[in-house]
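One structure is given here, and the rest of the page talks about it.
Each chain gets a letter, A, B and so on, in the order the sequences are listed, and its residues count up from 1.
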2 protein chains.
Amino acid sequence: MNSQPSSKILDNIRQACGTCSLNSLCLPMGLSHEEMLTLDQLVKRQLIVNKGEYLFRMEHHFDYLYAIRAGSFKTFLVSEKGTDQITGFYLPGELLGFDGIEPGHHQVTAVALETSSVCQLKFDELLQIASKIQGLQRHLMAILSQRFNNQFTISVNHNAEQRIARFLLSLSERFKRRGYSADTFNLTMSRQEIGNYLGLANETVSRILAKFREQGILESHQREMHLLDLRALQMTACG
Amino acid sequence: MNSQPSSKILDNIRQACGTCSLNSLCLPMGLSHEEMLTLDQLVKRQLIVNKGEYLFRMEHHFDYLYAIRAGSFKTFLVSEKGTDQITGFYLPGELLGFDGIEPGHHQVTAVALETSSVCQLKFDELLQIASKIQGLQRHLMAILSQRFNNQFTISVNHNAEQRIARFLLSLSERFKRRGYSADTFNLTMSRQEIGNYLGLANETVSRILAKFREQGILESHQREMHLLDLRALQMTACG
DNA sequence: ATTATGCATTGATGTAAGTCAAATTGATAG
DNA sequence: CTATCAATTTGACTTACATCAATGCATAAT
């Protein structure tokens with residue numbers, strides 16, 4: 001089964017992540033800063049995905065997780081009658097592909113929203129390492145559990161305003177954690193895609209953003225977002 | 001740190017699960033049938049929770065996962081303005097408590113919907129064992145990933161009929177896997193609770209169940225459910 | 001520049017589901 | 001057996017958001 005000894009695998013991962021500025025986000029508990037110094041295997045594990053291209057497709061075999069180095073992705077599932085349901089947006093430093101673990105093939109399709117760069121991590125190897133490294137195993141489960149919890153943050157019992165406020169705050173939070181501005185960013189998804197994700201019509205998204213502008217909560221032009229009053233946005237999110 | 005050697009811990013778990021008819025559901029990949037024969041530590045790890053009692057509470061410290069032996073639970077979070085949001089229902093053979101992994105304290109409160117019996121599993125010990133047993137680690141992640149995926153099965157882009165149809169099918173499916181009838185079962189939750197979970201008013205739940213009755217899709221009286229036409233229900237679920 | 005093409009915005013109208021209210025049923029206690 | 005209380009059902013009315021439609025802007029292609 002495991003032709004590669006796990007210490008060798010571990011070395012490869014160390015090399016791959018050593019110089020990545022995002023390593024603390026992908027696998028924060030797993031590998032100490034000291035462990036990650038060399039980089040020669042990095043390029044081998046790196047992948048460029050152009051805008052609109054698939055990273056993986058629903059029903060295709062599951063082998064890898066992907067850590068986003070740069071860019072962004074959406075995942076969606078295609079329903080019985082052919083309509084898409086967007087299930088998530090993914091930003092730099094975030095892991096994606098977990099949806100394939102169980103039946104062994106992906107439950108969703110992942111598409112790049114802009115030209116993006118990802119690191120490919122063989123899931124089996126990652127698990128092997130996780131069983132060796134204190135905290136990594138737990139961290140992977142934490143990612144999954146948090147993702148599940150957050151799903152209810154943007155949820156069925158919230159109205160359109162609250163959903164959009166929460167969506168913006170979620171993006172803001174995530175950009176901030178990655179060292180980007182928490183109040184000024186470009187959306188890489190359309191109104192249509194936001195609406196689909198939140199269960200709203202794109203017109204509703206547009207109207208509510210207009211309302212937020214009128215209220216002085218934010219400025220926006222097309223996909224440029226500038227949040228002016230995070231506190232007010234939080235109040236709106238709560239209702 | 002680990003005063004107990006992991007082989008000792010493993011023995012305890014074996015003993016706890018050896019005679020439980022649900023072991024194949026809780027930890028199917030982890031422990032072979034042969035491994036689980038003795039039972040003397042079982043009672044120690046078993047817990048009875050009466051209807052309406054808490055299994056764990058939001059913001060309380062996270063240490064344990066719970067495997068349901070009998071009964072059922074709901075989990076909910078309390079929003080900023082004090083309203084509840086039900087985040088899940090849990091049936092025999094299912095694990096709950098994962099919500100606490102990340103910040104180290106629970107994100108939701110778990111309440112018994114009827115008198116229930118659960119097994120308490122120390123999460124740290126479970127992880128220790130998972131790193132030893134081929135497949136268990138992966139299985140735990142699979143549970144989490146599936147749960148996340150399923151969240152979109154009952155989702156924002158579906159109307160009231162579809163949500164309720166999907167909810168019933170989900171219950172049916174889960175009862176079936178546990179060896180219970182797939183078409184006849186008692187709901188342990190109120191219309192109010194179903195509505196809260198699905199983002200609908202309890203009146204809407206009531207009305208749509210009435211509609212399903214008229215259509216001959218099911219018979220229901222209070223909380224007794226008898227699904228007559230699973231195929232039709234599936235069609236409704238898809239729209 | 002000029003036309004195409006897709007996305008965003010804004011307005012007018014319709015509808016699914018929420019809210020409010022009352023009636024019915026069932027469970028529990030006295 | 002009757003009273004009480006909660007859950008469910010059903011009806012009348014309201015509303016938030018969807019849908020349909022038209023217009024305004026961008027970016028890209030000619």
Side-chain angles (χ1 to χ4, degrees), chain A residues 50-52 74 83-86 111 113-115 154-168 186-215 217-226 236-237 239, chain B residues 50-52 74 83-86 111 113-115 154-168 186-215 217-226 236-237 239:
Chain A
N50 290 313
K51 180 172 177 172
K74 67 172 174 181
T83 58
D84 289 357
Q85 163 68 51
I86 294 175
V111 169
L113 294 170
E114 59 194 314
T115 298
I154 295 168
S155 113
V156 287
N157 280 325
H158 294 112
N159 66 25
E161 267 190 37
Q162 292 169 328
R163 289 185 205 188
I164 292 171
R166 278 160 194 268
F167 177 72
L168 292 174
N186 281 298
L187 300 177
T188 55
M189 68 291 284
S190 67
R191 303 283 188 266
Q192 178 70 53
E193 287 169 323
I194 296 171
N196 182 302
Y197 177 61
L198 298 177
L200 302 170
N202 60 54
E203 294 94 330
T204 303
V205 177
S206 204
R207 269 186 263 265
I208 285 176
L209 287 176
K211 189 174 175 185
F212 287 168
R213 270 192 305 262
E214 285 162 29
Q215 294 176 332
I217 290 174
L218 53 78
E219 285 169 350
S220 77
H221 178 66
Q222 304 287 115
R223 298 192 181 186
E224 290 169 37
M225 275 289 147
H226 183 44
T236 307
Chain B
N50 290 312
K51 181 173 177 170
K74 67 172 174 181
T83 58
D84 289 358
Q85 162 68 50
I86 294 175
V111 169
L113 293 170
E114 59 194 313
T115 298
I154 295 167
S155 114
V156 289
N157 281 325
H158 294 113
N159 66 25
E161 267 190 39
Q162 292 169 327
R163 288 184 206 189
I164 292 171
R166 277 159 195 267
F167 177 72
L168 293 173
N186 281 299
L187 301 177
T188 55
M189 68 293 283
S190 67
R191 303 283 187 267
Q192 179 70 54
E193 287 169 324
I194 296 170
N196 182 303
Y197 177 61
L198 298 177
L200 302 170
N202 61 55
E203 294 94 329
T204 304
V205 177
S206 204
R207 269 186 263 265
I208 284 175
L209 287 176
K211 187 173 175 186
F212 287 168
R213 269 192 307 263
E214 285 162 29
Q215 295 176 331
I217 290 176
L218 53 79
E219 285 170 351
S220 77
H221 178 67
Q222 303 286 114
R223 297 192 182 187
E224 290 168 38
M225 274 289 145
H226 183 47
T236 306

Go through [options] for me and flag the one nearest to the [X] side chain.
X	options	value
A/Ser190	D/dT8, C/dC7, C/dA17	C/dC7
A/Arg213	C/dT9, D/dT10, C/dA17	C/dT9
B/Glu203	C/dC7, D/dT9, D/dC20	D/dT9
A/Arg191	D/dC17, C/dT9, C/dG26	C/dT9

Report which part of the nucleic acid [X] touches: base, sugar-phosphate, or nothing (heavy-atom distance under 4.0 Å, all strands).
X	result
B/Gly199	sugar-phosphate
A/Leu200	sugar-phosphate
A/Arg207	base

Nearest whole Å is fine: how far is [N] [atom2] from [X] [atom1]?
X	N	atom1	atom2	result
A/Lys51	D/dT27	NZ	P	11 Å
B/Leu198	C/dA16	CG	P	19 Å
A/His158	C/dG18	NE2	C1'	16 Å
B/Leu113	D/dA7	CG	P	13 Å
A/Gln192	D/dA18	CD	C1'	12 Å
A/Ile208	D/dC17	CD1	C1'	9 Å
A/Glu224	C/dC7	CD	P	18 Å
A/Glu161	D/dA18	CD	P	13 Å

Does A/Gln222 offer a backbone N or O that forms a donor-acceptor pair with the side chain of A/Arg191 under 3.5 Å? yes
N/O donor-acceptor pair under 3.5 Å between A/Arg166 side chain and A/Ala237 backbone: yes
So, for B/Val156 and B/Arg163, which heavy atoms are closest and what is the spacing to 0.1 Å? O-NH2, 3.5 Å
With a 4.0 Å limit, can you tell me whether B/Thr204 has a side-chain N or O closer than that to the phosphate oxygens OP1/OP2 of C/dA17? no
Phosphate oxygens OP1/OP2 of C/dA8: is one of them under 4.0 Å from a side-chain N or O of A/Arg223? yes
Using 0.5 Å steps for rounding, measure from the CD1 atom of B/Ile208 to the CZ atom of B/Arg213. 12.0 Å
Report the residue (A/Asn202 or A/His221) whose heavy-atom-nearest nucleotide on DNA chain D is the more 5′ of the two. A/Asn202
A/Gln222 or A/Ala160: which one's nearest nucleotide on DNA chain D is closer to the 5' end? A/Ala160
For residues A/Ile164 and A/Leu200, determine if any side-chain heavy atom of one lies less than 4.5 Å from a side-chain heavy atom of the other. yes
